[in-house]
Amino acid sequence: MPPSSIDRDTTMPTLHNLGFPRIGQGRELKFALEHYWAGQSDRATLEHTGRQLRHTHWQQQAALDFVPVGDFAWYDQVLTLSATLDVIPERHRQGDTDLDTLFRVARGRDQQAACCHAASEMTKWFDTNYHFLVPEFEPDQRFRLAWRQIIDGTAEAKAAGFNPKPVILGPLSYLWLGKFSQGDSADKLDLLPRLLPVYRQLLAALKDAGATWVQIDEPILALDLPAPWQAAFEPSYHQIQVQGLNTLLASYFGPLQDNLGTAIQLPVAGLHIDAVRGASEITRVVDRLSAHKVLSVGIVDGRNIWRADLDAALATLKPLHAKLGERLWLAPSCSLLHLPYDVERETTLPADVKPWLAFAQQKLDELTLLRDALLSPGHADIQARLADARAIQTARRDSPRVHNPALRKRLAALKDSDALRATPFSEREPLQQQRWQLPLLPTTTIGSFPQTPEIRKARAAYKRGQLNKHDYNSLMRAEIKRAIVIQEQLGLDVLVHGEAERNDMVEYFGEQLDGYVFSAHGWVQSYGSRCVKPPIIVGDISRPHPMTVEWATYAQSLSDKPVKGMLTGPITLLCWSFVRDDQPREHTAQQLALAIRDEVQDLEAAGIGIIQIDEPALREGLPLRNSDWPTYLAWAAHAFRLASSGVGDSTQIHTHMCYSEFNDIIEAISALDADVITIETSRSNMELLAAFEHFAYPNQIGPGVYDIHSPNLPSQAWVESLIEKATARIPRQRLWVNPDCGLKTRTWDETRAALAIMVNATKALRQKW
Ligand code: GLN
Ligand code: ZN
């Protein structure tokens, strides 16, 4: 049902939303896409699902004064915009742009599997866990209005009786996020003069489709911008103005800081600010806002799942409302894309915790209540609802689930030396060599072995209660045994147990730690059809019992070679969970670190003398502003060391990270003081090691020598050449040989064959040297 015509008080703040989740409450879009890609359904079926989802989502937002359009995407909203502007890499073009074009760009193939050119690069959307498709530009890039999805969506919402507000990424952010396909050094700003007329054309078309307001997102306003980029804003926004269409310029994910002046002066009808992360600058913005402009205040947190403190929000909003009247708009801080749909659907959350949480639907309810409270503060019903909200805040604050006095005591008693190994690496290294007697270029793997359909089936049956614990354990033990036998046959030097028992490297630990809860339906889109269900950290973290010791000691009992213990590090546990908003992230990281420290010490006591603590998310946790990096990196490295330093000198700590950029964080990597770091390098041709070389990184390194993402086998000569390249940068005594990452997505045949090549290449080089 379309929104009823609200009788508007003149000082009534407008309610709107920056974007809604798109994947569907039951992940309908995910399944529709995957069926379509697999050739099990046709395009009409997929389009039908998309239309249904859009209408359902508008319906769910019907209490708002506008519904967002353009937040729906078949794969990714940046890709939708690229198609709109005709930024389709030449290799993926086949006639006019259609849905299959989008999928070719995103996946390297379409439904007919016609094609097979490299997909466009995917990268993280600011500091979220969402990934977008990086636009690829040519130096002579032309733009053209080539795909009408957003325009048609606007008309579609209008026809259905909603008040549409199209949402598009702004021209500066769009260019900033793209790259030249040839890695060109050309300036992306040179493309602006050709880009802006097409934006203008798009805006005009949106107006013709029935929009009176358009939301243009410029999230790069929360970043450190070079002066030419700042300067490009004002002239650009002059150029894209369309008579009769109002622009709301949206910034989010952080304060504007030095971009505040740029944002406030733009020739637009309104400005949206992130009043959660940018709370400190609201007053400055209001003071400088010109008298005709709307201010949209992103007052509820669009990035986290906690119910808002409505009293605090009202205290912020009241003076704004008094000053701005109907020029005050209320919204979540950012798009709700990064949240699950509806906490009411959750049936397995602890009853006391559920009321503390707000998913997308509840965020909108909070906005409505805030508006009503501004308008009729004395209304009994509103008072009652505010009192309920207050009671929830109090219950959460005082809950024993949140506070663990023993842990607090332990934290308070921590000494600096707890986060330092007893001796420096230079002294540990010979002791470790003496203990482990490893050959030159020791070979190992990153942790996981193939998660076969049998393993997944067994786990699902165990979770459903159809398989008892004893039988499940026996099956997992059999998998571990198989992995150990194969590794011994292959002749690897340091073995792993294979992680058969783990569904996910964060969930596995979260489920065993106190302080975590899990939703059943809390899916959030990661990219395309892929979703994650982040665990929720509700309270102080502690480890009631060992989490991995039994599996590790069982694996070790099967071999005379060392078997690595395998843990997820505190920063990765933090970054891949929804975290508490009642204490700094740094404190939560410390608590997680202590839990992992306990596990490390228990592993050591059980005879596991090589322990890997994975931190693939260390880089992801970097703040958006460079000035905030040192603080983050310092507490992140401290948390890692707190987790890893409680062991003897001859116990060897490994860590693992997979990404392609170490230059700017090499100091922090070094500060982890892991005895061995394994990294993903094969696709960079060992270029990545330059950072370690230039920094004279002192500890041992295992650069990945083959790409585990591809089913193709590397040749032995290729692996040898990569190892030789590595020795040009790192002394060979400090090198390890391993794949890029874990092998859980590969088959056993692929794994066995590739590792055999890796081991043979290593042996050939040992002989030569
Ligand atoms: N130990 C993990 C594995 O091998 C590491 C995964 C990761 O780096 N993301 O699967
Ligand atoms: Zn990895």
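Just follow the structure's listing: the first ligand is 1, and inside any ligand the first atom is 1. A quick note: this is a predicted structure, and the numbers were derived from the prediction, not measured.
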*Asks:* Nearest non-hydrogen atom to atom 3 (C) of ligand 1 belongs to which of Ser448, Gly498, Pro739?
*Replies:*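 When every heavy atom of Ser448, Gly498, Pro739 is considered, Ser448 comes closest to atom 3 (C) of ligand 1.
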*Asks:* Can you tell me if CD on Glu550 sees more than 12 non-hydrogen neighbours from other groups inside 6.0 Å?
*Replies:*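 Atom CD in Glu550 is not crowded, with 12 or fewer foreign heavy atoms closer than 6.0 Å.
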*Asks:* By number and element, which atoms of ligand 1 are closer than 4.0 Å to a non-hydrogen atom of Met505?
*Replies:*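 Per the distance check, 6 (C), 7 (C), 9 (N).
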*Asks:* Centres of the Trp748 and Phe449 rings: under 6.0 Å?
*Replies:*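 Aromatic pair counts; centres sit under 6.0 Å.
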*Asks:* Could you tell me which atoms of ligand 1, counted from 1 in the order shown, lie closer than 4.0 angstrom to a heavy atom of Ile446?
*Replies:*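 The list of qualifying atoms is 1 (N), 4 (O).
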*Asks:* Any idea which atoms of ligand 1 are less than 4.0 Å away from a heavy-atom of Asp614?
*Replies:*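 The list of qualifying atoms is 1 (N), 2 (C), 5 (C).
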*Asks:* Is there side-chain contact between Arg482 and Ile486, with heavy atoms separated by less than 4.5 Å?
*Replies:*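 Result yes, sub-4.5 Å side-chain heavy-atom pair found.
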*Asks:* Rounded to the nearest 10 degrees, what's the angle SG of Cys741 makes with NE2 of His656 at the Zn ion (ligand 2)? Could you check?
*Replies:*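 It rounds to 120°.
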*Asks:* Measuring from atom 7 (C) of ligand 1, which candidate in Ala617, Gly742, Cys741, Gly447 has the nearest non-hydrogen atom?
*Replies:*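 Considering heavy atoms of Ala617, Gly742, Cys741, Gly447, the nearest to atom 7 (C) of ligand 1 sits in Cys741.
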*Asks:* May I ask you to test the Glu586-His638 pair for a side-chain heavy-atom distance under 4.5 Å?
*Replies:*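 Of all side-chain heavy-atom pairs linking His638 with Glu586, none is under 4.5 Å.
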*Asks:* Looking at His656, which atoms of ligand 1 are within less than 4.0 Å of one of its heavy atoms?
*Replies:*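 Selected atoms, number and element: 8 (O).
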*Asks:* Examine the proximity of ligand 1 to Glu499 and report which part, side chain or backbone, both or neither, has a heavy atom under 4.0 Å away.
*Replies:*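 Just the side chain.
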*Asks:* Testing Ile611, Leu431, Val676 for side chain to side chain contact (heavy atoms under 4.5 Å, CB included) with Gln652, which one passes?
*Replies:*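 Option passing the side chain to side chain contact (heavy atoms under 4.5 Å, CB included) with Gln652: Val676.
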*Asks:* State, with a plain yes or no, whether a side-chain heavy atom of Arg734 is found less than 4.5 Å away from one of Asn699.
*Replies:*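 No, side chains not in contact.
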